[in-house]
S.K.: 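Would you mind keeping the following structure in view while I ask a few things?
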Amino acid sequence: MANTPHTKVAIIGSGPAAHTAAIYLSRAELTPVLYEGMLAGGTAAGGQLTTTTDVENYPGFPQGISGPDLMDSMRAQSERFGTKIITETISKLDLKSKPFRLWREYDDNEGDAPAHTADAVIIATGANARRLDLPGEDKYWQNGISACAVCDGAVPIFRNKHLVVIGGGDSAAEEAIFLTKYGSKVTVLVRKDKLRASKAMATRLLSHEKVEVKFNSQGVEVLGENKPRGLMTQLRIKNNKTDEEETLDANGLFYAVGHDPATALVKGQLDLDEEGYVKTQPGTSYTSLPGVFAAGDVQDKRYRQAITSAGSGCIAALEAEKYLAELAGPDETTSPEQDSEVKKGDINGAENAPEYRSNPLL
């Protein structure tokens with residue numbers, strides 16, 4: 001590995017968590033390398049926000065901003081401070097020895113040299129919302145179809161309209177109740193004959209005056225305007241038991257059928273929960289392995305917002321920086337990026353995690 005490039009910290013990902021981490025680390029003069037991927041997991045560099053038209057709940061943009069424009073700005077800011085961005089996909093990661101080793105897609109065969117080695121790695125590979133691949137889905141995605149009610153529910157095209165949610169768990173129930181603030185009516189399609197949601201959440205959903213739950217039902221086809229950027233106007237559905245079909249007049253369809261975290265790289269190397277998300281110690285980005293940090297939706301199955309992802313990217317950067325300073329030893333000069341002291345003990349232990357104080361430079 002004599003000719004393999006080495007970096008103090010490598011970031012794998014391209015969304016708000018990855019770029020926030022890159023901005024903090026590059027300002028700390030650590031010159032991070034960020035592998036943003038080339039359609040990694042079928043998603044363009046920039047992550048899920050690249051499929052979002054208008055983002056209206058990200059602070060600092062009173063008129064809103066498109067998802068792609070927001071991610072372009074984050075990417076430019078990362079580069080401005082010295083982040084080296086590589087538009088290739090990391091397909092293999094060895095965390096069993098140090099320095100950690102990263103291989104690029106198509107160069108990950110046995111015997112191939114790694115593309116990079118790193119003293120620390122931030123995993124910010126995100127999670128992809130599951131789709132149903134209904135006819136018309138691609139045509140009306142973000143023009144009536146969404147996988148995030150909290151993100152998109154307040155958009156004008158959904159106000160005072162009939163909206164449909166597909167799913168039967170707590171997330172579906174929460175999203176349906178949230179949408180009642182904006183829609184004239186919310187119909188929930190549940191594939192089985194009962195809800196998987198908790199009893200309390202199911203009771204709230206079934207008793208809500210603006211909600212109708214259709215059991216044993218599934219979407220069949222999304223219909224709408226036949227023009228560029230045309231909007232969804234109808235959803236054809238089917239009863240699973242009778243095979244009877246009907247067409248609902250609806251202007252919004254929200255999927256609440258789960259997400260798939262992009263954790264194939266670290267499976268078997270980091271502790272994952274039962275749904276495949278990276279386990280982090282509460283309130284930190286610490287994973288089960290010292291020197292490896294996780295940020296964004298790859299470790300967050302609850303909030304899944306751009307702003308919370310960005311915040312966790314900041315946490316990962318600060319904790320990675322302290323980890324690297326600890327590796328370098330007590331004589332290493334503290335970076336001006338943050339002003340804090342490492343408590344004695346395991347840097348990757350939650351109980352002994354460093355405390356961060358406010359810094360006027362941040």
Side-chain angles (χ1 to χ4, degrees), residues 48 51-54 56-57 127-224 231-241 244-260 275 297 301-305:
Q48 292 293 296
T51 67
T52 302
T53 49
D54 297 315
E56 297 185 324
N57 57 0
N128 294 312
R130 293 175 191 154
R131 294 196 183 188
L132 298 176
D133 297 323
L134 299 180
E137 180 179 294
D138 289 339
K139 183 175 183 178
Y140 297 108
W141 189 261
Q142 290 300 323
N143 288 307
I145 308 178
S146 169
C148 182
V150 175
C151 310
D152 300 327
V155 172
I157 63 171
F158 299 129
R159 288 184 178 270
N160 301 311
K161 301 294 175 58
H162 181 197
L163 309 176
V164 179
V165 174
I166 296 181
D170 279 337
S171 293
E174 288 175 1
E175 296 215 348
I177 292 170
F178 176 82
L179 290 170
T180 60
K181 300 176 183 178
Y182 307 105
S184 58
K185 176 185 178 180
V186 178
T187 297
V188 181
L189 303 183
V190 182
R191 189 164 48 89
K192 297 184 178 180
D193 59 2
K194 62 181 179 180
L195 291 164
R196 291 183 293 104
S198 64
K199 184 176 180 180
M201 186 59 69
T203 299
R204 284 184 61 199
L205 182 70
L206 294 169
S207 63
H208 200 291
E209 62 181 5
K210 293 177 71 174
V211 173
E212 177 186 3
V213 178
K214 287 182 177 288
F215 293 101
N216 301 307
S217 298
Q218 67 183 60
V220 174
E221 182 180 10
V222 184
L223 306 169
L231 300 177
M232 168 191 171
T233 58
Q234 293 180 317
L235 176 66
R236 192 156 57 88
I237 68 172
K238 181 177 76 172
N239 184 291
N240 298 328
K241 288 197 170 182
E244 181 182 352
E245 294 189 2
E246 65 175 305
T247 300
L248 304 178
D249 290 328
N251 294 87
L253 174 60
F254 293 84
Y255 291 166
V257 291
H259 288 70
D260 294 315
E275 296 177 57
D297 289 4
K301 60 185 177 183
R302 179 176 177 84
Y303 298 106
R304 294 193 293 263
Q305 300 296 301

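Small disclaimer: the values here were computed from a predicted structure and weren't measured.
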S.K.: Taking the side chain as every heavy atom from C-beta outward, state whether Val186 and Glu175 have any atom pair closer than 4.5 Å.
M.R.: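 No - every pair of side-chain heavy atoms lies 4.5 Å or more apart.
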
S.K.: Between Ala197 and Ala173, which heavy-atom pair has the shortest distance, and what is it?
M.R.: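 Shortest heavy-atom contact: CB-CB, 4.4 Å.
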
S.K.: Which residue is it: Leu163, Val188, Val164? I am looking for the one with a side chain to side chain contact (heavy atoms under 4.5 Å, CB included) to Leu179.
M.R.: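 Running side chain to side chain contact (heavy atoms under 4.5 Å, CB included) over Leu163, Val188, Val164 with Leu179 returns exactly one hit, Leu163.
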
S.K.: When rounded to the nearest 0.5 angstrom, what is the spacing between OG in Ser171 and NE2 in His259?
M.R.: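 NE2 of His259 is found 8.5 Å from OG of Ser171.
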
S.K.: Under the salt bridge (Lys or Arg N to Asp or Glu O under 4.0 Å) test, which residues partner Lys301, sequence neighbours left out?
M.R.: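 Partners of Lys301 by the salt bridge (Lys or Arg N to Asp or Glu O under 4.0 Å) criterion, ordered by chain and then number, come out as Asp273, Glu274, Glu275.
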
S.K.: For Lys214, enumerate each residue passing the salt bridge (Lys or Arg N to Asp or Glu O under 4.0 Å) test, keeping only those at least two apart in sequence or located in another chain.
M.R.: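 Expected list: Glu212, Glu246.
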
S.K.: What's the separation between atom CG in Asn239 and atom CD1 in Ile237, rounded to the nearest 0.5 Å?
M.R.: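 Atom-to-atom, Asn239:CG and Ile237:CD1 are 8.0 Å apart.
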
S.K.: Output all residues satisfying side-chain hydrogen bond (donor to acceptor under 3.5 Å, both in side chains) with Asp170, sequence neighbours left out; order by chain, then residue number.
M.R.: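 In terms of side-chain hydrogen bond (donor to acceptor under 3.5 Å, both in side chains), with neighbours along the sequence ignored, Asp170 is linked to Ser198.
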
S.K.: Do Leu235 and Leu189 pass the side chain to side chain contact (heavy atoms under 4.5 Å, CB included) test, and can you show the C-alpha distance, the side-chain angles, and the key distance before you say yes or no?
M.R.: CA-CA 11 Å; Leu235 176 66; Leu189 303 183; 4.0 Å; yes

S.K.: Do Tyr255 and Leu134 have side chains that approach each other closer than 4.5 Å (heavy atoms only, starting at C-beta)?
M.R.: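 The answer is yes, as the side chains (C-beta and beyond) meet within the 4.5 Å cut-off.
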
S.K.: Are Lys185 and Asp249 close enough for a salt bridge, meaning some N to O gap below 4.0 Å?
M.R.: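 No, this pair does not count.
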
S.K.: Considering all heavy atoms of both residues, which atom of Ile157 and which atom of Gly144 are nearest to each other, and what is their separation?
M.R.: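 Shortest heavy-atom contact: CD1-N, 4.1 Å.
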
S.K.: Just by distance, do the side chain of Thr203 and the backbone of Met201 share a donor-acceptor pair under 3.5 Å?
M.R.: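 A pair under 3.5 Å: no.
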
S.K.: Can Val213 and Val190 be said to form a side chain to side chain contact (heavy atoms under 4.5 Å, CB included), step by step?
M.R.: CA-CA 7 Å; Val213 178; Val190 182; 3.8 Å; yes

S.K.: If you measure from CG on Asp297 to CG on Asn128, what distance do you get to the nearest 0.5 Å?
M.R.: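 So the CG of Asp297 and the CG of Asn128 are separated by 9.5 Å.
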
S.K.: Do you know which two heavy atoms are closest between Cys148 and Gln305, and how far apart they sit?
M.R.: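 What the structure gives for the nearest pair is SG-NE2, 3.8 Å.
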
S.K.: Quick check: do Leu132 and Gln218 have side-chain heavy atoms less than 4.5 Å from each other?
M.R.: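 Answer no - side chains too far apart.
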
S.K.: Can you check whether Phe215 reaches Leu195 side chain to side chain, under 4.5 Å on heavy atoms?
M.R.: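 The answer is yes; the side chains approach within 4.5 Å.
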
S.K.: Taking all atoms of both residues into account, what is the closest heavy-atom pair of Leu205 and Ala176, and its distance?
M.R.: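 Closest approach of Leu205 to Ala176, heavy atoms only: CD1-CB, 3.7 Å.
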
S.K.: Please report the interatomic distance CG(Asn143) to OG1(Thr233), rounded to the nearest 0.5 Å.
M.R.: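 With rounding to 0.5 Å, CG (Asn143) is 12.0 Å from OG1 (Thr233).
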
S.K.: Name all pairs fulfilling the disulfide bond (SG atoms under 2.5 Å apart) condition that reach into residues 176-205, sequence neighbours left out, sorted by first residue then second.
M.R.: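 Qualifying pairs: none.
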
S.K.: Let me confirm one number: the CD-CG distance from Gln142 to Asp152, rounded to the nearest 0.5 Å.
M.R.: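 Those atoms lie 5.0 Å apart.
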
S.K.: Quick one: closest heavy-atom pair of Arg159 and Ala154, and the distance?
M.R.: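 Nearest heavy atoms, Arg159 then Ala154: NE-O, 3.2 Å.
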
S.K.: Could you give me the CA-CA distance, side-chain angles and deciding distance for Val150 and Glu174, then say whether side chain to side chain contact (heavy atoms under 4.5 Å, CB included) is met?
M.R.: CA-CA 10 Å; Val150 175; Glu174 288 175 1; over 6 Å; no

S.K.: For Lys210 and Thr180, indicate whether the former's side chain and the latter's backbone hold a donor-acceptor pair under 3.5 Å.
M.R.: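 Answer holds: yes.
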
S.K.: Got a sec, which pairs hit side chain to side chain donor-acceptor pair (under 3.5 Å) with one end in residues 187-196, sequence neighbours left out?
M.R.: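 Qualifying pairs, neighbours excluded: His162-Thr187.
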
S.K.: In Å and rounded to the nearest 0.5 Å, what is the CZ to NZ distance from Phe158 to Lys181?
M.R.: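 That separation rounds to 16.0 Å.
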
S.K.: Is the distance between the ring centroids of Phe254 and Phe178 under 6.0 Å?
M.R.: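 No: the rings miss the under 6.0 Å criterion.
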
S.K.: Between the main-chain N or O of Gly224 and the side-chain N or O of Tyr140, is there a donor-acceptor pair closer than 3.5 Å?
M.R.: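 Pair found, side chain donor or acceptor close to backbone of Gly224.
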
S.K.: In chain order, what residues pass the salt bridge (Lys or Arg N to Asp or Glu O under 4.0 Å) check against Arg130, with sequence neighbours excluded?
M.R.: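 In terms of salt bridge (Lys or Arg N to Asp or Glu O under 4.0 Å), with neighbours along the sequence ignored, Arg130 is linked to Asp260.
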
S.K.: Using the salt bridge (charged side-chain N to carboxylate O under 4.0 Å, His left out) definition, which of the options Lys139, Lys238, Arg236 pairs with Glu221?
M.R.: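 For Glu221, the salt bridge (charged side-chain N to carboxylate O under 4.0 Å, His left out) check succeeds only for Arg236.
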
